[in-house]
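Okay, so here's the structure we're looking at.
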Amino acid sequence: MVPKYDHKEVEAKWQKKWEEEHLYTSDIESAINPFYDDKAKISSKERFYNLWMFPYPSAEGLHAGHAFASTGSDIYGRFMRMHGKDVFQPIGYDSFGIHSENYAIKIDENPHEVVKRTTKHYEEQMRALGHGYDWTRTVTTSSPDYYRWTQWLFVKMFEAGLAYKKIATVNFCPSCKTVLADEQVMSPQTAGKEPRDANGKVIEDKSTWERLKVCERCGTVVEKKDLSQWFFKITKYADKLLSDLDEIDWSERVVTAQRNWIGKSEGMIINFKKENGEDLPVFTTRPDTLNAVTFIALADEGLYNEGNEEKVGEFTGEYASDPLSGRKLPIWKTNYVAPGYGTGNIMGVPAYDERDMEFAEKYHLDIVEKDPDENLWEKIEKEGWGKRHTNYHLRDWLVSRQRYWGAPIPMIYCEHCASKGTTFKDHVFKGMAGWFPVPEKDLPVLLPDIKDYKPEGTGKGPLANHPDFYKVKCPKCGGEATRETDVMDTFVDSSWYFLAYPNVNTKEWKVGPSASSGQAFFDKKIMEAWLPVDLYFGGAEHSVLHLMYSRFVTMVLHDLGYLDFDEPFPRFFAHGLMIKDGAKMSKSRGNVVNPDEYIDKFGADALRLYLMFMGPMDGYPDFRDSGIEGMERFIKKVWRLFQLPISNSRFSNKEILSKLHQTIQGVTGDIEQFKYNTAIAKIMELVNVLENNKSQISISTLRSLTLLLAPFAPHLSEEIWVEILGQPFSVHQQKWPEYDTKYLIADQKVVAVQINGKLRGTITLDLEVAGSEKEVTKIAKSDPKIAKWLEGKKVIKVVFVPGKLVNFVVN
RNA sequence: GCCGAGGUGGCGGAAUGGCAGACGCGUAGGUCUCAAAAACCUAUGGGGCCUUAAACCUCGUGAGGGUUCGACUCCCUCCCUCGGCACCA
């Protein structure tokens, strides 16, 4: 009678033991940065910072899509640990911000309380999955010890001239009642939401959906408002953000998305002259078509429409002259030129631009067909009519939010200083008179616990109703002043969290060992030893959000001298999204898969195996209940294999050895490429071979099999390793098995025989024979099946691939 | 419209110039059982040939063309799906 494999008991047992033995707690102080040459000086192991994008703790808890992604990351971490690396694999919570707050509002509970509960639930779920996280170093972005440094970051941005406040036309979500960054406004499809109007009703006319721009969080169609807001000057880094994409090893689709978003256009600003002598600068990427210009089109905020409606315009009554030939060109105000891009003016070239053609035809403007002239670039520049100019689609990052649940923006406005024109640093902040950052010693600016935290949509955040919060003394003159009442975008919180992990120690709950002294942001030695992140694992939906912001913030901190690297994630793998019943998992569809019930019923190992076996890591696999049952069967099969009275034979037979070493080779290569599905398939094949050769398996083979399984099924492997094989704890600290090429060479080869490229038979030959063209040709021709096909035909050519194939070309 | 990734059995998916469908799910039949479950064994792309069986033939990787001794794989044209950008000049 084979003892039953009790997944609940086994998994709980090892999770407890791992924790007690600090199996996944890294030795932060003694790591080696593999990028440095003087490794020997420091200490034992090379570090490997293995990071999965931290989740925001939602109410429903972790769903199977999270488990799919986090397991993919965990497997790689375990694989690297078995390669002798000191793996640092932390986890935390992106718990500050609109996503957590919207839920708190919905259930009418204070966000402080909700976050306490949801983070606890998340931790339980992630522990149940058996991930190898270092639980001694977690971060929670809504903790004052954390957001103190988010605020510090804002202050540094301001001091460096990279944070400024200005009135701009911005996106406003009428449901979330706050402004949003450009990156947080998208098509309904990209947001994965049905578009809604300000009253929360789904827009009925589906034909308009594709033109709508909605809020990333709630799917409400955004409005445009002119408001005074804080921005981070990400555009200053546009060129570096773009060019560094060539240097980093990222999933291609994410690189492409960032390139598109940055949207670099190289062209020229050409100066046209109005009749009254005024300059009329125009941005174009096609100065070579200047000869064919017939009108000038101006952007108009009032007329402009992002939708795809008909082009309309109004003649201004004015004319401009073409700087080269002096031709007279009418100036039109239009609805199709985007304000805020380039100079806001364009030259109308109907012959070479479809949009200009459409407009010209409608208003009966001239259409001139003259061949483009490449020499014009140089000529215009030489004659001083225009100069080369690069334009970017990227806009500055709008970071203020009129909400409660976020890090208060640490800025103070003093009316008195403003009236005198006093600025923080005269040379940098023209136009920012009266604005001063909160002195570093006064950080954090604590978020007060208030009852009326719901947004009102007045253009101000809930903190604006609390004089105790905003009435402060001016840091400059000591007079009456007002604190900023907006809070920061949640993406500011997450733009630097990866820097915090190695510096944080949960027991003391301070970011950075020097946090108490207030001297420095991070411990320099730790940063040098542990960063940048070696492998970042996460979703592609953050292509132009988190992943762009983090790169920007890292570049700034580098330029300010705090970091010695300027790309946070030299390697990023974009995992796919799990699907259920052919659709993305979402609450509204009601197809969210909760991992808890599967862990309970089948165990974490079965769930992990199934999630990884469903398909490639960057794909969109569909979750089915019946699939996980197959994995349960596989685990039982493995378990039974280890319950057999193991033979006394010291060596496995040849078939087994050959299969084992092929498997080691294949699985190793597959894991390196995140092809976990085929890695698992190969382990299954090995198990099948072992089952058919039960009496001939050596202990050494069984040990290797256990090691191969360890990253995928950590509990099962540990149980087998320690309890059945009697090996020392822990399987996760063992060396990954190596393959020996001598076992990869089979004694016999199956050679395919083709006639004119069509398979007509196979012959099994000894290795040496299979490598000889003469022998193989002879044997193949004498094979009756093949001979039949060659009868009466003349062999024109023989194609021979040693050990694989012979192809007879006949007439 | 532009850019990127794809299209393979009933299903998830293997194979990146050399035996298409590994591995798993599902399905059918069988063994065990009083019975069922579990487990195990066998079969499983379509069509044909055949009394049966072994075997064999033929078609087949979105459609059409091309390169090649040989194409799921490379090239061209088209269709469709997914992702990103989008009156960005």
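Keep in mind that the numbers below use all heavy atoms, side chains included, and drop hydrogens, waters and symmetry copies. A, B, ... follow the sequence lines: proteins, then strands. Residue 1 opens every chain.
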B/rU68 pairs with, by Watson-Crick or G-U criteria that keep both distances under 3.5 Å: none
The side chain of A/R640 is closest to which nucleotide in this list: B/rC40, B/rG84, B/rC69? B/rC40
Below 4.0 Å: OP1/OP2 of B/rG18 and any side-chain N or O of A/K758: no
Has A/R633 got a side-chain N or O lying under 4.0 Å from the OP1 or OP2 atom of B/rC23? no
Does the structure show a Watson-Crick or G-U wobble partner for B/rC49, both distances under 3.5 Å? Name it, or say none. none
Distance check: side-chain N/O of A/N807 vs OP1/OP2 of B/rU68, anything under 4.0 Å? no
Nucleotide forming a Watson-Crick or wobble pair with B/rG1, both distances under 3.5 Å: B/rC85
Can you check whether A/T256 has a side-chain N or O nearer than 4.0 Å to OP1 or OP2 of B/rA5? no
Tell me the partner of B/rU27, counting only Watson-Crick (N1-N3 plus N6-O4 or O6-N4) or G-U wobble (N1-O2 and O6-N3) with both under 3.5 Å; none if nothing fits. B/rA43
Inter-nucleotide P distance (B/rG46, B/rA54), Å rounded: 16 Å
Measure CG/A/L759 against P/B/rC56 and give the value in whole Å, please. 10 Å
Phosphate contact (B/rA86 OP1 or OP2) by A/H393 side-chain N/O below 4.0 Å: yes
Which nucleotide, in any strand shown, forms a Watson-Crick or G-U wobble pair with B/rG6, with both distances under 3.5 Å? B/rC80
Across the strands shown, which category fits A/K264 at heavy-atom distances under 4.0 angstrom: base, sugar-phosphate, nothing? nothing
Assert: residue with more 5' nearest nucleotide on RNA chain B, out of A/D356 and A/M186, is A/M186
So, does the side chain of A/K311 form a donor-acceptor pair with the base of B/rC87 at under 3.5 Å? yes
With a 4.0 Å limit, can you tell me whether A/K4 has a side-chain N or O closer than that to the phosphate oxygens OP1/OP2 of B/rA38? no
Where the side chain of A/A681 is concerned, which of B/rC23, B/rC57, B/rA14 is the nearest nucleotide? B/rC23
Side-chain-base donor-acceptor pair under 3.5 Å for A/Q189 and B/rG83: no
Can you check whether A/T190 has a side-chain N or O nearer than 4.0 Å to OP1 or OP2 of B/rC85? yes
Return the nucleotide paired to B/rC32: Watson-Crick means purine N1 to pyrimidine N3 with N6-O4 or O6-N4, wobble means G-U with N1-O2 and O6-N3, both under 3.5 Å. none
